[in-house]
Q: 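Got a structure here, written out as structure tokens. Questions coming.
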Amino acid sequence: MQFKTTTADAGKRSTACAIVGVYDKKQLSEAAREIDAASGGLISGLLDQGDLSTHLGASHLIGRVDGAKCRRVVVVGLGAKANFGRREFYKAAIAGLTAIKSSQVSEATFYLTAEDTVDCDAYYRGRLAAQALGEHRYRYADMKSRNKPTTPKLKTLTLAAAERGDSAELEQGASHGAGIVTGMNLTKDLGNTPANICHPTYLADTARKLAKRYAKLSVNVLDEPDMAALGMNSLLSVGFGSEQPSKLIHLDYRGGASDEPPVILVGKGITFDTGGISLKPGPAMDEMKYDMGGAASVLGCMAAVAAMKLPINLMVIVPSAENMPSGRATRPGDIVKSMSGITIEILNTDAEGRLILCDALTYAQQFKPAALIDVATLTGACVIALGHHRAGVMSNNDVLATEIIDAGERAVDRAWHLPLDQEYTDQLKSNFADFANIGGREGGAITAGAFLSQFTKKANWAHIDIAGVAWRGGAKKGSSGRPVPLLVDYLLTKHC
Ligand code: BES
Ligand code: MN
Ligand code: ZN
């Protein structure tokens, strides 16, 4: 992907494709007006005829524009001008590129970045435009032997600036956006790779490759004996039923001052979740290949940070296991002693994410993080609570929770704050151990967070449940790359 900027008149600029917007009430954007004027009223004529929709997200490709210098024009509906904000911008950007998804253009001029957005600046417009191009170009084709989906030809986007002063901001945004896309692509590839290939050792190899590529990045992978020596019996219990050895991956990026405490991201890396002996029902079980979405997103975030050379210290810790039933698998009722010393009665082997995370969170706290954030496809209950639109955020610090949620708003990768009151922890009582690993159906996303909170008392900690947002279902089935934009925004805003 490559980005340039321009302030030229849209009617006079040579380009294979001009992407322009129209607002409700037939209100042309400036670029649309310029092309309209040069082409003898092409766009306004089509609007008057009722052939162009101004609804947000509508788009029309017009293959010939006599009079103007552009070979094609895509007219994107922007909706009501007074409502045109960052989310509308992002939606319109995706729609504009979708209109040319099967066209041969390799270069286009993107005029939507010259529009005013009510709640964001040129930097974010540049960033979101780059992200839209990343979404447009992404394909997962590794497993196709025929009819391989090909990457669209479009790779150079010239972003229009309303005034010359915006160009630097747009370019900075596009450059950060390209870094985010690098991270999201890794996250998507890992998520989409099936579990017979993407197992804990595969995740560890991916981390090793990242560490080789970037000088400031180093890696350490703990094997099962290493974890046993540290007392990570909760983590290890999850992989007992699997032929695949469990791993704990630890990446360390040193881009900041040596005495600056790191931010630590911990990602749930269950490469397949059958539920174990508490076996899941069959329908849609294939989707549990995405149960390493937390791991994929923190690895993607690390890739983005390293590619962008951000001046921060960042650690990524991935506990990884495969949750399978077998004669050696953990049974409901088994009790394990976690690394922290807390004992856990495993009443349901399908509540395995918290079992690997608790030991990883204990391990992480020895590095005295400035902030400790775990990301996990943790509960179906979070999907019931928030749907596929927002991730759930729980924290022992309201300031940190707000920082994360604000980052999600800015990055158009939204999240929502859920409470963590003592009553939720009370639901985790066990007759035999310190805690049970489940707290009943009620408030299931929160009791999972409450469980994790028992292991993070010494840290500035937050938990992001991404069960609803890590992948898309239906015809567009596949990893979403979320919440990489949120995580990178948090790091850029709070720590750079
Ligand atoms: N990986 C699942 C959570 C999940 C479910 C993610 C659906 C995405 C879609 C997790 O390990 C799990 O099985 N959670 C159980 C917890 C329950 C047993 C307390 C759940 O949500 O049903
Ligand atoms: Mn499970
Ligand atoms: Zn799971």
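No hydrogens, no waters, no symmetry mates; every other heavy atom, side chains included, goes into these values. First listed ligand is number 1; within each ligand, the first listed atom is number 1.
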Q: Measuring from atom 10 (C) of ligand 1, which candidate in Leu347, Leu378, Val238 has the nearest non-hydrogen atom?
A: Leu378
Q: Going by heavy-atom distance to atom 17 (C) of ligand 1, choose the closest among Ala351, Ala448, Gly293.
A: Ala351
Q: How about Lys268: does one of its N, O or S atoms come closer than 2.8 Å to the Zn ion (ligand 3)?
A: yes
Q: Please state the angle at the Mn ion (ligand 2) spanned by OE1 of Glu352 and OD2 of Asp273: what is it, rounded to 10 degrees?
A: 100°
Q: Report the name of the N/O/S atom of Asp291 located nearest to the Zn ion (ligand 3).
A: OD2
Q: Among the N, O or S atoms that Glu352 has, which is closest to the Zn ion (ligand 3)?
A: OE2
Q: Should the heavy atoms of other residues, nucleotides or ligands under 6.0 Å from CG of Asn147 be counted, would the total exceed 12?
A: no
Q: Could you tell me whether the Zn ion (ligand 3) has an N, O or S atom of Asp350 under 2.8 Å away?
A: no
Q: Does the ring of Tyr140 carry Lys188 above it, NZ/CZ under 6.0 angstrom from centre and within 45° of its axis?
A: no
Q: Please say whether Trp471 places an N or O atom under 3.5 Å from an N or O atom belonging to ligand 1.
A: no
Q: Carefully, step by step, assess Asn192 and Ser479 under the rule side chain to side chain donor-acceptor pair (under 3.5 Å).
A: CA-CA 6 Å; Asn192 290 331; Ser479 171; 5.0 Å; no
Q: Applying the side chain to side chain donor-acceptor pair (under 3.5 Å) test to Asp489, which of His176, Lys494, Arg410 qualifies?
A: Arg410
